[in-house]
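Values below: every heavy atom of this structure, side chains too, minus hydrogens, waters and symmetry copies.
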There are 2 protein chains.
Amino acid sequence: MRRNIFLENTPLEEALSRWLSLCRLEGVCFPTESEFVDVRNSVGRITAESLFALISSPPFNSSAMDGVAVRAKETFGASEDNPAVFELGRNAQYIDTGEPVPPEFDAVIMIEDVNELESGSIEIIKPAVPWQNIRPIGEDITRGEMVLPGGHQVRAQDVGALLNSGLEKIPVRRKPIVAIIPTGTELVENLCLLEQGKVIESNSWALLSLVEHLGGFPLRNKLVPDDWDEIRRAVENALESSDAVIINAGTSAGREDFTKKIIEEFGKVSIHGVAMKPGKPVILGVACGKPVLGLPGFPVANWRAAEEFLKPLLREFLGRRREKEKVIRAKVARRISSRSGFDEFIGVKVGEVSGELIAVPLSRGSGISMSLVRSDGYIRVKRGCEGIERLDEVEVFLKGEQFDPERVVLVIGSNDHGLDILSSLLFRNYGLVFSAVNVGSAGGIAAVIDGYAHMGGIHLFDPKSGEFNVPYIKEKQTSERLFLMNLCWRTQGLIVKEGNPKNINSLKDIAGKGLSFINRQRGSGTRILLDYLLFKENIKPSSINGYEREVFTHMAVAAAVESDSADAGLGTMASAKALSLDFVPVSKERYDLLGRRSFTETEAFNLIRREIKGEEFKNEVDRLGGYDLEQAGEFIPIDL
Amino acid sequence: MRRNIFLENTPLEEALSRWLSLCRLEGVCFPTESEFVDVRNSVGRITAESLFALISSPPFNSSAMDGVAVRAKETFGASEDNPAVFELGRNAQYIDTGEPVPPEFDAVIMIEDVNELESGSIEIIKPAVPWQNIRPIGEDITRGEMVLPGGHQVRAQDVGALLNSGLEKIPVRRKPIVAIIPTGTELVENLCLLEQGKVIESNSWALLSLVEHLGGFPLRNKLVPDDWDEIRRAVENALESSDAVIINAGTSAGREDFTKKIIEEFGKVSIHGVAMKPGKPVILGVACGKPVLGLPGFPVANWRAAEEFLKPLLREFLGRRREKEKVIRAKVARRISSRSGFDEFIGVKVGEVSGELIAVPLSRGSGISMSLVRSDGYIRVKRGCEGIERLDEVEVFLKGEQFDPERVVLVIGSNDHGLDILSSLLFRNYGLVFSAVNVGSAGGIAAVIDGYAHMGGIHLFDPKSGEFNVPYIKEKQTSERLFLMNLCWRTQGLIVKEGNPKNINSLKDIAGKGLSFINRQRGSGTRILLDYLLFKENIKPSSINGYEREVFTHMAVAAAVESDSADAGLGTMASAKALSLDFVPVSKERYDLLGRRSFTETEAFNLIRREIKGEEFKNEVDRLGGYDLEQAGEFIPIDL
């Protein structure tokens, strides 16, 4: 069997509309039929038709107050000097809120305005207006009135009105059953089954929650290996038991990507390959009158394809209209290049810097599941757009409810373990979302000066002066008023395997020895430190095997060493210690936070500084290893 | 036992903070302890602490593509003229996306760039860069890295990252158990138990969904009558089995309002009566180390009090921070008077008229459960504020996700059954939310001219000219360019009981006969018609028993007649027919829609007009009775 090397590049909207047309043509049942549920258990369900009140509410004239029911005309002329006296049980009657007003009465006097006399009679000192404090029958809902339109998602606050209108069972759309079939020989179901070369199956669980959230009923198949017959059997079963089937994944050009051919065994494929990134390897088809989706395996691609195709599908099943997306406008913090011909979706973190909303693009890798965790929303770069310049205004499509840019502190620059701890403390103690984006120290300085970050974490050694950070800031010759505050001193060195089996004690031990190295990206403080050390010791970069192999964080360096993918890399002692690796100290460096002066006047800054100088931060950072907080929270003069 | 006639008026914020302080003092356990759940089933739960990755993702260097793994240096110099040839199994190897890259290789060439030769060898025509198309270990998440902070609500898109970081069981806050005890002798559990004077218990079901939505575990007690011992027993049980108890209601000054005293039997009451409207009769206390809430019984008051007190309580239990409320600014369509000393909450419907957001205040009655259904959010009139003038800008606190003012058509004016049908069709067919607010015809004209409604429904007879509507519009002498479009002709008349037992055939049969009448509010077209008829027939309003008794809709008139609360009222034939009442025709009238000319250029207007002229509308309206759609959708010249 030849594999499908070349996928199509169908534009997104066209792919969706072609697929949904095919669905209708092939007899897919949109929307699903209705079923009756108890109103008390209907929240989240979609009404199948407009609902009209069967009874009025209140169903009788009822008292709006706790008080006494009287005949209004018998109160006329009552005053403080000349109170009207009523005999309970004869021409007056106690009545509580909500009780029916007996037909012989036409007004209720609130209890606060009633004097109870010894005799059991009462007196009032103010005349009543006819029908005062009486809720007329049907004041809330009248029989026959529409309570909810069809296609409405029932909310908690609708439940009362529905019951009050005499609706106890209501017709709602049956939840479409969506079968999810995770496939892949490289996957395992549980962490305890993990072994070399395997990864845990996770996409199906995220989809499962998504299907539930969208109003469907998810049905997860057990994990199926990449075996033609096994997948075929799973799909056959799913087509029998559900309204739609997701095959997850096998949609690309791998040797065991059977998804397309298996769908074609049962039905038709209308789309294979969509001009979107991430999410290109999508398969859309119909089999046995059921929509079938093949979704890509990388988590971000998987999620994006589900958003673009599964979501509209469930909308069709439930007879719902497209909801307006929540959009805000923000300036992008980084240039975004784009391959024209594709709709690109780029996750962003949004914060408010000096009164302007700033969207910081996150890593675009379709395998970076953390970008789904970290992003507040995404930017869509349309087909044909060549890219977006830095500080251009863009639309950000927001993801959810938990978005509050005013509580976000954007920290762009170098990454650090201590910063992570600070972040966690600030969220826990004050609800501040400390959003750190790792672009290296040089990027951090630019972000602060250009006004798209509150602070930048930087650790740049200047060999000429022997100073940290300040010379690099001065070099920028900015007129912005800035501050520099120390976060920590930390130890940098060579991260090597546990027990240091290759006996690496300096960079010289690596150069030309055929040992493999893992490097940090250009512009990072650690890279600048490395280049300085190589220069000082007169080592040629080309003699380091792996010099060109770049990763973006200390921990990524440590992870490469831990996994035997490199023998050594330069990074912090804390990173080595976190993975129980050995560490050869090379130098101590100062890690500072740079920001605009105006930020020091905010409440957020005060909380941050208080936390940095606090015991909790100190205790947690001390545990990392290689840290010195002597100077933490001190301002460092810049003298621009 | 004397009742508590006078409630306190504790300011809202003070009430909350005093109560929560008492909770802490009395040993309420905030936040709840943590429990471990499977990540796959954790969506919606609140993390009890920060979660750190236990493994890296990817856990090994893995291929980012389907292709061939090679050693990069063996590809150097490859070109179209001079392809590099690799022997599979020796110095190259097929590799699929996600598979581990064997340690002897350091680059992956994507399958599209590989030529498969007959011999089983392959050739490539472009050199590979070392580490190209390889996802380094930890690219996504590195062991030890923070995946989620504590106090975070897990979302579907977090699930993948958690599993990828080796987290299968995570600590989350235990769901606080909230017991809900509905009380009230006037209530019944099911509609089949309804009898004269009873209403169905509904508040507890709305609260139940709210508790679930807020992350708690609701436990509903069965309905308890207003009996001291029974309520006491239910509260005692609830205090044993739950983390917090809601008693619903019995919080006011009724004869059987036991809630306060019963709480005091077990613990302390810190607040009885809050300076808010609706929702004043709130009781806040603590018993046996559990918070206890007594909530008012009227549905809108019940909901508001739950929003203001139950919501923050659950936040404390779950260790969450206060979320930012979604607020928009809009102009109010009506003057709002306010009693200073109270925080008033007024439900509003929001639409966009001529580019401006308009908030239309809905009925304020705390018994109007439909205002919870109809409102998009609420306005808060702060204590001390004397009121808000018409077209003042206010903050609207939005309720939920389904808010889209661009799809809202505000129709302010007179109510009509045909308009309800139009509303339902527009929502079903086009997703337009047709928001009708009943203020009568005169109010409708004002709303359109002053620009806070898209259209106004009006039916005003001018005795001088014998014309409908046009003279009333001309009278306004506005310079606005307006349109008037007919919706229908309809029959007005006397709505009387089935079989017309009092033999009412004209208004004369009511006047001075002691029969009871139910009237419509001043400014409504029907009221103007009545006054004209009384004038014409020389009947004094004071001779009509019930002339001063006003309701706001035709259906409310019909409901009053149906329930024997009035013998007759003036209204449409459709209203009489809806409740199977008899009807004595009096006149035919023209019901038109008035709007600004600019509105006719919108898509919404075109959809509305198309629907009015369509078969579906005609068929459904014909069934109502008394309608004539001959002229429906025709423009009526105004000649201002």
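- Using a 4.5 Å cut-off on side-chain heavy atoms (C-beta onward), V199(A) and P58(B) make no contact.
- V373(B) and A161(A) get closest at one heavy-atom pair: CG2-CB, 3.5 Å.
- Taking all atoms of both residues into account, the shortest heavy-atom contact from D140(A) to G367(B) is OD2-O, 3.2 Å.
- Comparing G166(B), P103(B), G197(B) by how many heavy-atom pairs each has under 4.5 Å with chain A, the most go to G197(B).
- Atoms CD1 and OG, on I421(A) and S50(B) in that order, are 10.0 Å from each other to the nearest 0.5 Å.
- We find the CG-CG distance between L54(A) and L191(B) to be 8.5 Å, quoted to the nearest 0.5 Å.
- When every heavy atom of P149(B) is checked against every heavy atom of F427(A), the shortest pair comes out as CB-CD2, 3.6 Å.
- Heavy-atom minimum distance, L163(B) versus I200(A): O-CG2, 3.4 Å.
- Of the inter-residue distances, the one linking W205(A) atom CH2 with L162(B) atom CG reads 14.0 Å to the nearest 0.5 angstrom.
- Among the candidates I518(A), L194(A), I137(A), L372(A), the residue making the largest number of heavy-atom pairs closer than 4.5 Å to chain B is I137(A).
- Looking at E562(B), only its side chain comes within 4.5 Å of chain A, counting heavy atoms on both sides.
- Contact of S565(B) with chain A is made through backbone and side chain together, with heavy-atom distances under 4.5 Å.
- Here the CD atom belonging to Q157(A) is positioned 12.0 Å from the CE atom belonging to M370(B), to the nearest 0.5 angstrom.
- When each of E49(A), M65(A), H417(A), K198(A) is scored by its heavy-atom pairs under 4.5 Å with chain B, the top score falls to K198(A).
- Looking at R135(B), the atoms closer than 4.5 Å to chain A (heavy atoms on both sides) all sit in the side chain, from C-beta outward.
- Remark: N41(B) CG is loosely packed, at most 12 non-hydrogen atoms of other residues, nucleotides or ligands lying under 6.0 Å away.
- For E406(B), the part sitting under 4.5 Å from any heavy atom of chain A is the side chain, from C-beta outward, and nothing else.
- With a 4.5 Å cut-off on non-hydrogen atoms, V147(B) touches chain A through its backbone and its side chain both.
- When each of G138(A), S424(A), G144(A), S57(A) is checked for heavy-atom pairs under 4.5 Å with chain B, S424(A) comes out on top.
- Heavy atoms of F60(B) lying under 4.5 Å from chain A belong exclusively to its side chain.
- Formation of a donor-acceptor pair under 3.5 Å by the N203(A) side chain with backbone atoms of G160(B) is not found in this model.
- The candidate with the highest count of non-hydrogen atom pairs below 4.5 Å against chain B, out of N302(A), V159(A), L167(A), V39(A), is V159(A).
- In this structure, the portion of Y430(B) lying under 4.5 Å from any heavy atom of chain A is its backbone and not its side chain.
- Only the side chain of I55(B) has a heavy atom closer than 4.5 Å to any heavy atom of chain A.
- Per-residue heavy-atom pair counts under 4.5 Å with chain B were compared for E550(A), M110(A), R549(A), and the maximum is reached by R549(A).
- For P136(B), the side-chain contact (heavy atoms from CB on, under 4.5 Å) partners are V551(A), N61(B), E139(B), not counting sequence neighbours.
- Put simply, the side chain of R143(A) never gets that close to the backbone of M555(B): no donor and acceptor are under 3.5 Å apart.
- The shortest heavy-atom contact between R155(B) and S375(A) is NH1-O, 4.3 Å.
- Between chain B and the residues G365(A), A306(A), S209(A), the largest count of heavy-atom pairs under 4.5 Å involves S209(A).
- Nearest heavy-atom pair across E548(A) and P130(B) is OE2-CB, 4.0 Å.
- The part of L148(B) that comes within reach of chain A is its side chain, from C-beta onward, which places non-hydrogen atoms under 4.5 angstrom from that chain.
- The candidate from N164(B), V43(B), V101(B), T97(B) with the greatest count of non-hydrogen atom pairs under 4.5 Å with chain A is N164(B).
- Taken from OG1 in T185(B) to CD in E99(A), the straight-line distance is 9.0 Å, to the nearest 0.5 Å.
- E168(B) is linked by a side-chain hydrogen bond (donor to acceptor under 3.5 Å, both in side chains) to N190(A), R40(B), counting only residues two or more places apart in sequence or in another chain.
- Of the two parts of L207(B), neither the backbone nor the side chain holds a non-hydrogen atom closer than 4.5 Å to a non-hydrogen atom of chain A.
- At a 4.5 Å heavy-atom cutoff, the contact between A578(A) and chain B is made by backbone atoms alone.
- Distance CG/D420(A) to CZ/F52(B): 8.0 Å, rounded to 0.5 Å.
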